[in-house]
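One structure below.
Because the structure is a prediction, the values reported are computed rather than measured. One-based numbering along the sequence shown.
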Amino acid sequence: MQVQTNKLTEHLSLALKPCYLVFGDEPFLCQQALDEIRKAAKQHGFEERIQLTQDKQFDWNELHSQGQTQSLFSSQQLIELELPDASPGRDGGAALQSFIASQSPDQCLLVFGPRINKTTQSTKWFKALEKHGVFVPIYTPDRDRLPNYIQQRARVHNVQLDNSALAQLSLWYEGNLLALEQALMKLSLQEPNRLAPWTAHEIEQNASDQSRYDI
């Protein structure tokens, strides 16, 4: 099953699947998706969080042992596994398939890493996990879709933008969504009760004013 990021909140409000796969090339959007899943898992009682990272010293038996170990602190566990190279290798793929086949209902598996290609999505380990859970692909908004994304994030912060402001922010923050988020937060904090849309001229002036102050 595949769920796009703009539908993830709705999906998590309805159910929590045994497994989530989050892979993408935009750090801010990936972090948002991971935080949403963690929050939903906690709301469903998965209070113990186990974090694993596949590095050079990682032993895949650790995943197996976590799957067999009963929690001392909570009856439900969120097991997070980071794949920095988006590839578990042959041993890892077998370990993941074994884990998902015998996964306890008191465990939720969250696997994440950089963007993956169609070849990886066709592997046995990926298909096995996706069959039992949800794949959340993360894509950076391209230039054509960026204004719509900015408008969506602006609404979250209760910030109104006219078309010139959208164009200006798109020019400034293409490829840096974290900086964009911080800029929208600043606008919201500066004039929280503002009703009129911000214009490009006002945003440029605002940035110019802020650049005059040092620490």
- Query: Between E130 (side chain) and F135 (backbone), is there a donor-acceptor pair under 3.5 Å?
  - Reply: no
- Message: Using side-chain heavy atoms (C-beta onward) and a distance below 4.5 Å, is P84 in contact with T53?
- Response: yes
- Task: Give a yes or no on whether L195 atom CG has more than 12 heavy-atom contacts from other residues, nucleotides or ligands under 6.0 Å away.
- Result: no
- Query: More than 12 foreign heavy atoms under 6.0 Å from CE of M1: is that the case here?
  - Reply: yes
- Item | Q77 side chain near C108 side chain, heavy-atom distance below 4.5 Å | no
- Message: I'd like to check L29 versus T5 (side-chain heavy atoms, cut-off strictly below 4.5 Å). Are they in contact?
- Response: no
Enumerate, atom names and distances included, each donor-acceptor pair closer than 3.5 Å involving a side-chain atom of residues 155-165, sequence neighbours excluded.
| from | atom 1 | to | atom 2 | distance (Å) |
| --- | --- | --- | --- | --- |
| H157 | NE2 | E181 | OE2 | 2.7 |
| D162 | OD1 | S164 | N | 3.1 |
| D162 | OD1 | S164 | OG | 2.7 |
| D162 | OD1 | A165 | N | 2.8 |
| D162 | OD2 | S164 | OG | 3.2 |
| S164 | OG | A200 | N | 3.1 |

- Query: Looking at side-chain heavy atoms only, is the closest gap between L83 and F23 below 4.5 Å?
  - Reply: yes
- Message: For a side-chain hydrogen bond (donor to acceptor under 3.5 Å, both in side chains) check, start with the C-alpha distance between Q31 and D35, then their side-chain angles and the critical distance, and finish with the verdict.
- Response: CA-CA 6 Å; Q31 191 60 52; D35 287 344; 3.0 Å; yes
- Okay, side chain of E202, backbone of T199: is any donor-acceptor separation there less than 3.5 Å? yes
- Query: Taking everything shown except H132 itself, do over 12 heavy atoms lie less than 6.0 Å from its NE2?
  - Reply: yes
- Query: Does the side chain of W125 come within less than 4.5 Å of T120's, by heavy atoms?
  - Reply: yes
- Message: Keeping E26 on the side-chain end and F28 on the backbone end, is there a donor-acceptor pair under 3.5 Å?
- Response: yes
- What's the spacing between E47 CD and L78 CG if we round to 0.5 Å? 11.5 Å
- When you look at CZ of R194, are more than 12 heavy atoms from neighbouring residues, nucleotides or ligands closer to it than 6.0 Å? yes
- Judged by atom type as modelled, is there a donor-acceptor pair below 3.5 Å linking the side chain of S188 to the main-chain atoms of L184? no
